[in-house]
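Read the structure below first, then the notes.
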Amino acid sequence: MDVSLFLQQVVNGMSLGGMYALIAIGYTMVYGVLRLINFAHADVMMVGAFATLFLFSAVGLPFWLSIFLTLLLCGLAGMLIDRIAYRPLRQASKISILITAIGVSFFLENTFNVLFGGSTRYFSSPDFFNQTRDIAGIVVTNVALIMPVITVLLLLALLWLLYRTRYGIAIRAVAFDVNTVRLMGVDANRIISLVFALGSSLAALGGVFYAISYPTIDPLMGVLIGLKAFAAAVLGGIGSVTGAVLGGFILGFTEVVAVALFPELGGYKDAFAFLFLILVLLFRPVGIMGDERLERSRF
């Protein structure tokens with residue numbers, strides 16, 4: 001493999017990693033405040049892809065407006081999921097909440113299977129995203145360049161929210177000790193709903209960009225992608241927003257570049273991410289940026 005082709009694969013890997021990172025942020029934020037793995041999170045990504053396709057192709061709205069409305073709808077969907085499925089079980093056992101999360105995931109998958117059918121659909125998007133650019137001999141698409149940039153900008157915006165605003169302070173306080181926060185008069189349920197809204201919107205955006213890059217969608221598209229994004233969150237350090245983004249980029253880079261270096265192993269590309277995860281966790285069980293006191297992990 002020559003240098004230009006390798007660099008091209010690096011850009012593609014960063015693009016894929018950016019999409020994993022956006023979804024992983026939602027996993028790690030929800031875990032930070034509830035110590036809950038929200039298995040329905042990846043299906044919100046699927047909802048985002050279908051919602052954008054419907055608004056753009058069926059309704060005829062401009063693509064960027066479709067994305068904006070999708071982010072709002074999925075944010076509201078995340079809050080609704082928390083309100084209906086998780087809030088009544090705040091004091092229940094962890095296994096009860098976990099089973100509920102799996103049930104919500106199945107509900108979303110089967111609902112969209114009924115509404116849109118189980119067959120794969122083509123995701124239409126503006127030609128701008130698939131146009132290629134030649135940068136110093138590296139041929140990449142616009143979406144491959146845009147995705148990592150948007151991910152980094154959203155990470156910076158999220159860190160500003162967490163460390164420079166009252167809501168961010170409240171989120172970190174709830175993550176540290178929710179009972180003490182309630183005693184101080186803070187509406188913890190409202191803060192948790194905000195976390196679900198932010199995470200769901202980011203997952204929807206990740207789903208849209210994944211559908212642009214690999215233009216087919218189906219009701220089960222979030223299953224494998226969600227597992228990889230969850231692996232990225234664990235790899236970076238569950239509970240750490242920056243770690244989730246770092247883990248996403250590492251996983252995307254590993255998956256794409258490993259297949260480029262060893263094309264005969266292309267059929268095992270999905271295994272590379274989890275193999276790398278296992279190797280890292282053998283030496284650092286809490287992840288790259290995780291807290292040793294996992295139950296007190298912060299953002």
Original post:
Does the Thr52 side chain pair with the main chain of Ile67, one donor and one acceptor, at a distance under 3.5 Å?
Top reply: no

Original post:
Who passes side-chain contact (heavy atoms from CB on, under 4.5 Å) against Ile278, sequence neighbours left out?
Top reply: Leu282

Original post:
Under the 3.5 angstrom rule, does the side chain of His41 hit a backbone N or O of Gly226 as a donor-acceptor pair?
Top reply: no

Original post:
Okay, side chain of Thr28, backbone of Ala24: is any donor-acceptor separation there less than 3.5 Å?
Top reply: no

Subject >> Whether Phe112 and Phe50 hold their rings parallel, tilted or perpendicular, with breakpoints at 30° and 60° >> reply: tilted

**OP:** Mark yes or no for whether Ser15, through its side chain, and Val11, through its backbone, hold a donor-acceptor pair below 3.5 Å.
**Re:** no

Original post:
Does Arg35 use its side chain to pair, donor to acceptor, with the backbone of Gly32 at less than 3.5 Å?
Top reply: yes

Original post:
Can you name the ring pair (Phe, Tyr, Trp, His ring centres under 6.0 Å) partners of Phe63, sequence neighbours left out?
Top reply: Phe56, Phe129

**OP:** Tell me, yes or no, whether the heavy-atom count around Arg87 atom CZ, taken from other residues, nucleotides or ligands under 6.0 Å, exceeds 12.
**Re:** yes

Original post:
Can you check whether Ala40's main-chain N or O pairs, donor with acceptor, with Ser105's side chain at less than 3.5 Å?
Top reply: no

Original post:
Do Thr216 and Thr120 have a side chain donor and acceptor closer than 3.5 Å?
Top reply: no

Can you give me every donor-acceptor pair (side chain of residues 144-156, partner residue at least two apart or in another chain, under 3.5 Å) with its distance?
from, atom 1, to, atom 2, distance (Å)
Thr151, OG1, Gly18, O, 3.3
Thr151, OG1, Met147, O, 2.9

Original post:
Considering residues at least two apart in sequence or located in another chain, which fulfil the side-chain contact (heavy atoms from CB on, under 4.5 Å) criterion with Leu220?
Top reply: Glu109, Asp218, Val223

**OP:** Please list, chain by chain and in numerical order, all residues satisfying salt bridge (charged side-chain N to carboxylate O under 4.0 Å, His left out) with Arg90, sequence neighbours excluded.
**Re:** Asp82

**OP:** Using a cut-off of 6.0 Å, state whether more than 12 heavy atoms not belonging to Asp134 lie near its atom CG.
**Re:** yes

**OP:** Mind checking side-chain contact (heavy atoms from CB on, under 4.5 Å) for Leu158 and listing every partner two or more places apart, or none if nothing turns up?
**Re:** Ile25, Met29, Leu161, Leu162, Leu198, Leu202, Val241

**OP:** Decide if atom CZ of Phe116 counts as having more than 12 heavy atoms of other residues, nucleotides or ligands within a radius under 6.0 Å.
**Re:** yes

Subject >> 4.5 Å side-chain heavy-atom contact, Ile250 and Ile288 >> reply: yes

